[in-house]
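Single-structure report; data block below.
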Amino acid sequence: MTKEKMKQLKEKFIELFGETNAIEEFFSPGRINLIGEHTDYNGGYVFPASITIGTTGFAQLRNDSRIRLYSENFPELGVLEFDLSKANEKVEGSWVNFIKGMIVMLQRAGYEINKGFDFLVYGEIPTASGLSSSASLELLIGVVLDELFHLNVPRLELVQLGQRTENEFIGVNSGILDQFAIGFGKKDEAILLDCNTLKYEMVPVNLGDYSIVIMNTKKPRALTESKYNERFSETREALKRMQVRLDISALGELSNEEFDANTDLIGDETLIKRARHAVYENTRCKVAKKAFVAGDLKEFGKLLNASHESLKNDYEVTGIELDTLAETAQKQQGVLGARMTGAGFGGCAIALVKTNVITTFEKAVGDEYLKVIGYPAEFYVAQIGDGSKKL
Ligand code: GLA
């Protein structure tokens, strides 16, 4: 974000709320997931990184119990307001629920939030882009509350409370991928996270002559949440059926061979496909991380392509928009691999592209997308930045 924009936001904050206390500034990133998709809630590995596109917040404590909020993204809503004692009352369809959810989750975990505050937020992550604008906001509020109330919440707990907000307050059964990537992100590093044990490893991102290009379908928001929850239930059901004979607590514990030898337990084609994706994608993620560390970007790229294919055919979470972007990208000169990133159904894909051909690449993929889909895609070159923090 430019200095000019920061200055303008602070002036807006003062205009709306006055400067009665110390105004503090915060930033929380978005994330991409390199590989390991829909594996987190199946006890597998993910390999995300936080990006420099994110959400910026300004906050100051109040001396009463009012919480006053303003989003630069929804200026028409003006200042929204509620009393701290009403934090547990959900407002249908409002972004305020992310704030309320984090307050409630922190309070339930025993942290004392005993005063109101003023808060201005500005998000640069395109909504419904699959780059985790919601987890970015959850963790932003997390660091704001942590700082304003001197809570000293351990980072892992803050990440878990972010996930709980999403699961229990917002109502999406998402795993820990987004909040973890955003809470633990570091400049120029990716995170290999085992979602079963929460053990993780920071992996330097050395792409040499290559860059990661984010391709946004710009597909209008669809009912992704219900589809997401459907995949969650399908893989849970497959696991349950496999547990009749196998001593496992998550699909992520199986090798591809063990899975293939036991599909009779599932006995339903759709459920087999869903579970196969979870198991194979987990294996792929581990292999991909090794190739990445060894600097074998060619092999890494092939695994990106295989991941997309599996998400398309077995998990069925891509759709024509993501397929057009990823498959057109895969065919371009100077591209090592491409796949959807995040939950799918719309949102973004990523491609590993030789840096000196990015302009030609964007033109070629952009033109094809416009021709097939009828409206333009958007492209950004990803920069890997730090996790949520006070500025
Ligand atoms: C969304 C969820 C994550 C993860 C991805 C798919 O981003 O929030 O927990 O399941 O989809 O990998």
Side-chain angles (χ1 to χ4, degrees), residues 28-51 98 101 125-139 159-185 190-196 198 200 214 216-217 221-236 239 250-252 274-275 277-286 288 303-304 307-308 310-312 314-319 322 326 339-350:
S28 186
R31 66 100 189 88
I32 49 172
N33 189 19
L34 297 174
I35 193 162
E37 215 66 83
H38 289 279
T39 44
D40 60 349
Y41 55 87
N42 286 306
Y45 281 84
V46 292
F47 194 27
S50 50
I51 55 177
F98 292 100
I125 307 171
T127 39
S129 63
L131 301 175
S132 280
S133 55
S134 34
S136 179
L137 180 56
E138 285 152 11
L139 268 288
V159 159
Q160 288 169 321
L161 294 174
Q163 186 194 3
R164 201 165 296 157
T165 296
E166 194 73 40
N167 295 166
E168 294 172 24
F169 213 81
I170 310 294
V172 183
N173 282 326
S174 56
I176 202 162
L177 162 66
D178 305 342
Q179 289 81 8
F180 201 98
I182 286 165
F184 281 89
I191 310 172
L192 182 78
L193 169 69
D194 178 348
C195 300
N196 216 3
L198 296 185
Y200 69 100
I214 301 174
N216 189 352
T217 61
R221 194 186 274 284
L223 278 175
T224 60
E225 290 171 7
S226 62
K227 280 279 172 203
Y228 185 93
N229 287 345
E230 189 180 295
R231 293 295 175 276
F232 178 89
S233 318
E234 286 168 338
T235 43
R236 278 287 178 285
L239 171 67
L251 291 173
R274 305 295 189 247
H277 167 77
V279 173
Y280 276 48
E281 177 75 355
N282 184 40
T283 307
R284 210 161 19 237
C285 184
K286 290 186 268 186
L303 294 161
L304 297 186
S307 167
H308 187 86
S310 173
L311 288 154
K312 177 186 179 182
D314 276 352
Y315 221 60
E316 298 183 271
V317 291
T318 57
L322 283 168
R339 60 179 290 274
M340 55 153 268
T341 192
F345 312 104
C348 286
I350 52 168

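Sequence positions, counted from 1, serve as the residue numbers for this chain. For ligands, and for the atoms within them, numbers begin at 1 and follow the listed sequence.
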(message) If we ignore hydrogens and angles and just use 3.5 Å, is the side chain of Glu281 paired with the main-chain N or O of Gly36 as donor and acceptor?
(response) yes
Residues two or more places apart in sequence or in another chain: which of them pass salt bridge (Lys or Arg N to Asp or Glu O under 4.0 Å) with [X]?
{"X": "Glu138", "result": "none"}
{"X": "Arg274", "result": "Glu234, Glu316"}
{"X": "Asp314", "result": "Arg276"}

(message) Tell me whether Arg236 forms a cation-pi arrangement with Phe232, defined as NZ or CZ under 6.0 Å from the six-membered ring centre and within 45 degrees of its axis.
(response) yes
(request) Check each of Phe345, Tyr41, Tyr315 against Tyr228 using the ring pair (Phe, Tyr, Trp, His ring centres under 6.0 Å) test, and report the only one that passes. (result) Tyr41
(request) Run through ligand 1 for me and note each protein residue having a heavy atom under 4.0 Å from it, chain first, then residue number. (result) Arg31, Glu37, His38, Asp40, Tyr41, Ser174, Gly175, Leu177, Asp178, Tyr228, Gly342, Ala343
